[in-house]
Amino acid sequence: MQKSIMEEWLDSSFLSSANQSYIEQLYEEYLIDHNSVDLDWRNIFDKLSNAQIFNFEHSHSEIRTIFRSLAKRSTPLQTSIKKAFFNYEKQTKVIELINAFRFKGHQNANFDPLGIWKQPIVPDLDPIFYGLTKTDLENTFNIGLFAGKQTNIKLSELYIILKRIYCSSIGIEYMHMTNIEEQHWMQQHIEINTPINETFSAEEKIQFLSELIAAEGLEHFLGRKFPGAKRFSLEGGDSLIPMLKNLIQYSSQKETREIVIGMAHRGRLNVLVNVLGKYPKELFDEFLGKHRNNSGTGDVKYHQGYSANYKIKNILVHLTLAFNPSHLEIVNPVVIGSARARRDRLHGKTNTNNNAVLPITIHGDASLIAQGVVQETLNMSQVRGYEVGGTIHIVINNQIGFTTSNLKDVRSTQYCTDIMKMISIPIFHVNADDPEAVIFVTRLALDFRNKFKRDVVIDLVCYRRHGHNESDEPSVTQPVMYQKIKEHATTSKIYADKLISEKIINKNQVIEMIDIYRNKLDNNDYLMNNWDSVKINNLIWKPYLNHEQNNNQYNPVPVNKQRLRELIKILTTIPVEIIMHPRVKKIFSDRQDMANGKKMLDWGAAETLAYATLVDIGINIRLSGEDIGRGTFFHRHAVIHDQTNGLVYIPLANISKNQGIFEIWDSVLSEEAVLAFEYGYASTEPRVLTIWEAQFGDFANVAQVVIDQFISSGEQKWGRMCGLVMLLPHGYEGQGPEHSSARLERYLQLCAEQNIQVCIPSTPSQIYHILRRQILCNTRRPLIIMTPKSLLRHPMAVSSLEELANSKFLPVINELDLIKSENTKRVILCSGKIYYDLIEHRRKNKQNDIVIIRIEQLYPFPSKELEKILKPYVHVQDFIWCQEEPMNQGAWHYSKQNIKDILSKNSLLSYVGRPASSSPAVGYISMHQEQQKTLIEGALK
């Protein structure tokens, strides 16, 4: 058989024993760009082309097949081919060296200002590791795309550039990111030939120095004026101040108009004065223990927040530093929630592609890696109901944590920021003693955040010049580190000397800058140069200030029956293309019967109607929680899921064209971070009805710090009002100790000074009215609602349209049966689900001498309402408080004194309920039923 032209040529040519993958790759590159391959290989492929071997009878795949066959031959390559292969291999090794720096350069970076963090040498950052010799250092290589360009460069020059970019004062981690576009963007913005110190003007550098001098000057002044007082000094991390100042100024050029900052203690006082513009005298008064009248119980100075408006080159930016207790990282989701509220306020539904609101969270190194709320908050960063277009995270990494001296006792990871890798975002480690590097990564971080709408981390590696607080002696546990710190110059001194050596400034000018700042402090002058302070706007919150919680002052315009019927019909009219689940379809059919008067309203219908009447008049509503769309107990169904394609329809978002915004978000499986987020949202936006529902009320235990430190005490400590609603399913149905009690007693223990409201509505009309009251009244205080489980479908727990249209929330519900007051021998007081068990058994036993009264609002306790209802029973001496919860839990210990204050001296108030228990409920259904029977009989016998 006659051979083809190609086969004859190959048999006679010098191509043989080539590496299969090597030749294939070269061939692919040649087809795309002839000049992209080495000259020797280009000549070979050109010869093939000139000989017309590559003609139409030979497909691309056939040529590759022939090349693969060459790999099996044993004839040696000619010298030119060997050389080409050798050069290609060297070039490949250079590419591997570049990638090693991209992946691991941070491990050999110089970002520890003290130089005590000894990281192991990374062998693959050395050219020798790849067999590259001294001779190769003088050779030029084509390294492909570098800084976004095709680059030919001498290896020695490349090595210097790589070390400068990846192993100087900045260590960058970004190759773990899964998004290739984000990786390439980072490479293009960090692999630049211009050294960092050449990117700033002389004026900018002088400004950085002045801000460092201010940071150090304030700490020295406070140390002298208030020796030994706790201030959690920023000394050692002074670069935080120019970092934040530059971040604010730079972001204002990128359309940012509001910035929300959250941080713990370290450097907080410095940020308040030197960034937000708090007057020094206000801070000094706090050190002296002075306080303003009508300022609540107050809080320590390093928990305080602050708000201010500033003009930067005629651009108005609003700054807020969130209040924060000692629980450190818990402020993160609060800040994110506040940022979401501000963004929604500015842009409504069109809020996905803007930079108007910037959240900044400042962390400690030990708390960042150790506290679980960090992971919970990170997990929400790209979740629809909680994303805010990216957060700038700054870590004040003093390399100690709190008092631990050995990093092996602090974490199990190389860096405290390794937790951030879970959401695939860039991490910048930067030496705090290099302010220019700090500002460089700050601007780069903001650009990344604005471009990709994702979080970004700046690890400000610094030190702590003093102990955990100023009364601490750190050298006891860190003798080596603190000897080093004692000998180490301050950041402002290091940077001033650098600028002097660059002839940008002289020593006398530095001294003058220090003196000017110190004189301002001595004179209590305003310290914010070049920024115009503007009066803070409180118009949003003004209508809700200085009002007490009083149900008698709440007189909303009722919604008439006709409109209620219309709303039910709108809510139950689902588009025909939406295929409903049969069980959901039955629920909606029942609700149509409720509108037509054929059935009474159940809980789900009344609750949904409350939302409908509010959005109908333009009020925005936000609900979140686990399974909140459907409802844990299959009762709400505010979100309809098409059974054929999974699409959703939300009736409450489709009432009318001009309605309020209705948002409902099935949350991540978190209580702490989600509840803190919703607190941040509600404490920022009083005009939105913000609701969080626990899957079971018991689960709110996981968010106890949010309840204790923010919800119950935020107004008294910080003057921060909040109208958040918490729906906590509560009730004893024999489901065991983790699905019964919402820990009612804990909320009641926190009640004082009208700080919160605690209610247990027992009818659909009551949940309708209390939800409306929360947003339509003139106060904004948290509302804790113990919601039911079995009552959601209880045949007796129903209401009429008349009760919704013509009534309002009743803090106390009187006896409903026709029992003559003169025949009454006993009065039972109770709250919640137990009422229905009591009334059933009383009716069954025909006990017409016992009155049952429900207390629906436990705090503020409705003393006047209860006293009025009890007047007809003044002759009764036998009073009982009946509850399902154990004696040491529930409302008994809180309510008994309030009730006794109303009863006559001859009356006896007794307890009937479960005995005291360390567990909220029993785990065996038979034991539960026995206990329930005993307490019902005990109350009625």
Side-chain angles (χ1 to χ4, degrees), residues 101-113 117 119 147 162-177 179 182-192 194-197 199-200 208 237-247 250-251 254 263 358-365 368-369 374 378 381 390-399 413-462 491:
F101 273 93
R102 289 169 175 168
F103 276 98
K104 301 181 180 180
H106 59 88
Q107 295 184 15
N108 279 174
N110 180 32
F111 48 70
D112 175 15
W117 189 359
Q119 298 200 70
L162 289 172
K163 291 186 70 175
R164 173 175 59 76
I165 292 172
Y166 290 105
C167 299
S168 59
S169 297
I170 303 171
I172 309 171
E173 294 185 86
Y174 68 95
M175 294 301 286
H176 60 278
M177 299 192 304
N179 187 302
E182 293 174 4
Q183 278 191 10
H184 288 172
W185 187 94
M186 287 296 300
Q187 287 175 7
Q188 291 169 12
H189 286 75
I190 61 181
E191 292 178 350
I192 56 178
T194 306
I196 289 173
N197 67 329
T199 62
F200 302 106
F208 301 159
D238 311 65
S239 288
L240 177 70
I241 300 305
M243 171 192 276
L244 289 176
K245 295 284 284 288
N246 200 268
L247 189 53
Y250 190 61
S251 65
K254 310 291 182 179
M263 65 183 301
L358 173 65
I360 302 172
T361 55
I362 305 175
H363 312 261
D365 51 327
L368 176 73
I369 191 67
V374 173
L378 291 173
S381 65
T391 300
I392 301 290
H393 300 272
I394 301 170
V395 184
I396 303 179
N397 186 351
N398 56 42
Q399 308 182 71
T413 61
Q414 181 177 13
Y415 301 121
C416 63
T417 54
D418 284 346
I419 182 69
M420 301 295 192
K421 292 179 182 177
M422 65 170 277
I423 56 171
S424 189
I425 58 176
I427 301 169
F428 298 95
H429 308 279
V430 60
N431 190 321
D433 271 356
D434 188 346
E436 293 171 15
V438 170
I439 302 303
F440 175 82
V441 299
T442 298
R443 294 179 180 180
L444 186 57
L446 182 68
D447 288 340
F448 177 89
R449 181 263 180 187
N450 289 346
K451 168 73 174 176
F452 296 103
K453 311 300 177 189
R454 306 207 347 105
D455 291 24
V456 63
V457 189
I458 304 172
D459 181 19
L460 186 65
V461 184
C462 55
T491 306

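Taking His429 as the reference, Glu173, Asp459 meet the side chain to side chain donor-acceptor pair (under 3.5 Å) condition, with sequence neighbours excluded. For Arg164, there are no salt bridge (charged side-chain N to carboxylate O under 4.0 Å, His left out) partners, not counting sequence neighbours. Under the ring pair (Phe, Tyr, Trp, His ring centres under 6.0 Å) criterion, Tyr250 pairs with no residue, sequence neighbours left out. A search for side-chain contact (heavy atoms from CB on, under 4.5 Å) contacts involving Ser169 returns Asn431, Asp434, Ala437, not counting sequence neighbours. When the ring pair (Phe, Tyr, Trp, His ring centres under 6.0 Å) test is applied to His393, the partners found at least two apart in sequence or on another chain are His363. By the side chain to side chain donor-acceptor pair (under 3.5 Å) test, Asn108 pairs with no residue at all, sequence neighbours left out. With sequence neighbours left out, Lys163 forms a side-chain contact (heavy atoms from CB on, under 4.5 Å) with Phe101, Tyr159. Remark: Ser168 engages no residue in a side-chain contact (heavy atoms from CB on, under 4.5 Å) (not counting sequence neighbours). Partners of Asn398 according to the side chain to side chain donor-acceptor pair (under 3.5 Å) rule, which considers only residues two or more places apart in sequence or in another chain, do not exist here. In this structure, the side-chain contact (heavy atoms from CB on, under 4.5 Å) partners of Asn197, at least two apart in sequence or on a different chain, are Pro195, Lys205, Glu436, Lys498, Glu502. With sequence neighbours excluded, the residues forming a salt bridge (charged side-chain N to carboxylate O under 4.0 Å, His left out) with Lys104 are Asp124, listed by chain and number. Partners of Asp112 according to the side chain to side chain donor-acceptor pair (under 3.5 Å) rule, which considers only residues two or more places apart in sequence or in another chain, are Gln399.
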Practice task
Could you go through the side-chain contact (heavy atoms from CB on, under 4.5 Å) check for Leu244 and Ile362 one step at a time?
Solution key: CA-CA 10 Å; Leu244 289 176; Ile362 305 175; 4.0 Å; yes
Handout entry: Derivation of the side-chain contact (heavy atoms from CB on, under 4.5 Å) call for His106 and Ile427
Key = CA-CA 10 Å; His106 59 88; Ile427 301 169; over 6 Å; no
Exercise for the section: Just do the side-chain contact (heavy atoms from CB on, under 4.5 Å) check on Asp447 and Lys254 with the steps written out, would you? Expected result: CA-CA 9 Å; Asp447 288 340; Lys254 310 291 182 179; 3.7 Å; yes
Practice task
Test Val456 against Ile425 for side-chain contact (heavy atoms from CB on, under 4.5 Å), laying out the working first.
Solution key: CA-CA 6 Å; Val456 63; Ile425 58 176; 5.6 Å; no
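Summarising the geometry, atom CG belonging to Leu378 is positioned 6.5 Å from atom CD1 belonging to Ile419; distances are rounded to the nearest 0.5 Å. Atoms NE2 and OH, from His184 and Tyr174 in turn, are 9.0 Å apart once rounded to the nearest 0.5 Å. Taking CD1 of Ile360 as the start and CE of Met263 as the end, the distance is 11.0 Å to the nearest 0.5 Å. Between the CD1 atom of Ile458 and the CG atom of Leu247 there is a distance of 7.0 Å, given to the nearest 0.5 Å. Atom CZ of residue Phe440 and atom CZ of residue Phe428 lie 8.0 Å apart, to the nearest 0.5 angstrom. Summarising the geometry, atom OG1 belonging to Thr442 is positioned 6.5 Å from atom CD1 belonging to Ile394; distances are rounded to the nearest 0.5 Å.
For the pair Pro242 and Val438, the minimum side-chain heavy-atom distance is 4.5 Å or more. Between Arg449 and Pro359 the shortest side-chain heavy-atom distance falls below 4.5 Å. The shortest side-chain heavy-atom distance between Leu368 and Met420 falls under the 4.5 Å cut-off.
Nearest approach of Asp433 to Pro113, heavy atoms of both residues: OD2-CB, 3.4 Å. Among all heavy-atom pairs drawn from Ser251 and Leu358, the shortest one is CB-CD2, 4.0 Å. Nearest heavy-atom pair, Glu182 versus Ser424, reported as atom, atom and distance to 0.1 Å: OE1-O, 4.1 Å. When every heavy atom of Gly105 is checked against every heavy atom of Cys167, the shortest pair comes out as O-SG, 3.3 Å. Residues Ser239 and Thr491 come closest through the heavy atom pair OG-CG2, 3.8 Å. Residue Ile170 comes nearest to Ile172 through the heavy atom pair CG2-CG1, 3.5 Å, listed as atom of the first residue, atom of the second, then distance.
Aromatic ring pairs are classed by plane angle as parallel below 30°, tilted from 30° to 60° and perpendicular above 60°; the pair Phe448 and Phe452 is tilted.
With hydrogens and angles disregarded, a donor-acceptor distance shorter than 3.5 Å links the side chain of Arg454 to the backbone of Ile423. Listed for the Arg102 side chain is no donor-acceptor partner under 3.5 Å among the backbone atoms of Gln187.
For Tyr415 and Trp117, the distance between ring centers is under 6.0 angstrom.
For the side-chain contact (heavy atoms from CB on, under 4.5 Å) criterion with Leu460, the lone passing option out of Val430, Val395, Asn397 is Val430.
Side-chain atoms of Glu191 and Tyr166 form a donor-acceptor pair, as typed in the model, at a separation below 3.5 Å.
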